[in-house]
Amino acid sequence: MNATENPAVQSYLKKVSSFFVTELTRENSLLRSSQGGSKTSTYYNSNDVAIFAVTVHGSFTYSYGVSSSATSASCTVTTYSTSASFQSKDAWTSGNSAYGYANVSYKGRNTSRTVSISCDSYGNLS
């Protein structure tokens, strides 16, 4: 029997297999020189149940093919589980990126997540 066939190992792997899923949303802008969007990172436990989500929203200006800059950032935290409690959050910009940070306590253990969204000089978000 190899290690992953061992029931004790399988149980351990299941317990530590929580994960994040991240989704990018782009807003429609009528101006060629500005762009906005959000990125959401959702934390799932080992049973594939969503526990909390961190969303950063960023606004950007860009000069096509030349430069780009983040002009604002905001952070939203959503909890889906009664076992999760919001602890803190922050949002900031640096260069062409917007950042959101959150700390959530889940079953007595703190989990932090930083999510970033960037805009290049062509208005592409990542």
Side-chain angles (χ1 to χ4, degrees):
M1 170 184 334
N2 68 35
T4 57
E5 292 173 338
N6 181 326
V9 172
Q10 288 178 344
S11 176
Y12 172 79
L13 290 173
K14 185 164 184 62
K15 288 178 185 174
V16 297
S17 61
S18 55
F19 58 95
F20 283 92
V21 173
T22 303
E23 179 181 8
L24 174 68
T25 303
R26 179 182 169 146
E27 298 173 354
N28 291 325
S29 176
L30 299 176
L31 301 174
R32 185 171 175 159
S33 61
S34 67
Q35 186 58 266
S38 61
K39 191 181 279 188
T40 300
S41 189
T42 304
Y43 177 79
Y44 291 83
N45 67 13
S46 59
N47 295 319
D48 298 342
V49 176
I51 305 302
F52 70 91
V54 180
T55 301
V56 60
H57 179 272
S59 296
F60 306 89
T61 58
Y62 64 97
S63 178
Y64 194 81
V66 178
S67 64
S68 61
S69 179
T71 56
S72 69
S74 62
C75 181
T76 304
V77 181
T78 305
T79 56
Y80 303 113
S81 168
T82 57
S83 298
S85 62
F86 167 79
Q87 299 297 305
S88 64
K89 70 176 183 176
D90 195 10
W92 68 94
T93 62
S94 179
N96 68 336
S97 297
Y99 297 87
Y101 165 86
N103 188 332
V104 174
S105 176
Y106 174 59
K107 293 186 175 181
R109 186 171 160 195
N110 283 342
T111 301
S112 61
R113 183 70 168 176
T114 301
V115 183
S116 65
I117 184 169
S118 300
C119 180
D120 68 17
S121 63
Y122 297 96
N124 299 312
L125 297 179
S126 61

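Everything quoted here is computed from the prediction, not taken from an experiment.
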Between the OG atom in Ser105 and the CZ atom in Phe86, the distance rounded to the nearest 0.5 Å is 12.0 Å
Tightest non-hydrogen contact, residues Tyr80 and Thr78, listed as CE2-CG2, 3.6 Å
**Asked** Does Arg113 make a cation-pi contact with Tyr43, if we ask for NZ or CZ under 6.0 Å from the ring centre and within 45° of the axis?
**Response** no
Note: Cys119 and Ser68 closest approach over all heavy atoms is O-OG, 2.7 Å
So OG of Ser81 and OH of Tyr44: to nearest 0.5 Å the spacing works out to 13.5 Å
Interatomic distance, OG@Ser97 vs CG@Leu125, rounded to 0.5 Å, equals 10.5 Å
Next on the checklist: Is it true that Gln87 and Ser85 share a donor-acceptor pair across their side chains at a distance under 3.5 Å?
Outcome noted: yes
Notebook entry, point to check: Are Tyr64 and Phe60 joined in one hydrophobic group, where the rule is that I, L, V, M, F, W and Y side chains link up if heavy atoms are under 4.5 Å apart?
Noted result: no
| message | Around atom OH of Tyr122, are there more than 12 heavy atoms from other residues, nucleotides or ligands closer than 6.0 Å? | response | no
Which class fits the ring pair Trp92 and Tyr99: parallel under 30°, tilted 30 to 60°, perpendicular over 60°? parallel
To the nearest 0.5 Å, atom CD1 of Ile117 lies from atom OG1 of Thr25 at 8.0 Å
| said: Donor-acceptor check, side chain of Asn45 to backbone of Ser18, threshold 3.5 angstrom: yes or no? | reply: no
Side chain of Lys39, backbone of Ser116: donor and acceptor closer than 3.5 Å? yes
One should read off an interatomic distance between Asn103 CG and Asp90 CG, to the nearest 0.5 angstrom, of 11.5 Å
N/O donor-acceptor pair under 3.5 Å between Thr40 side chain and Glu23 backbone:
no
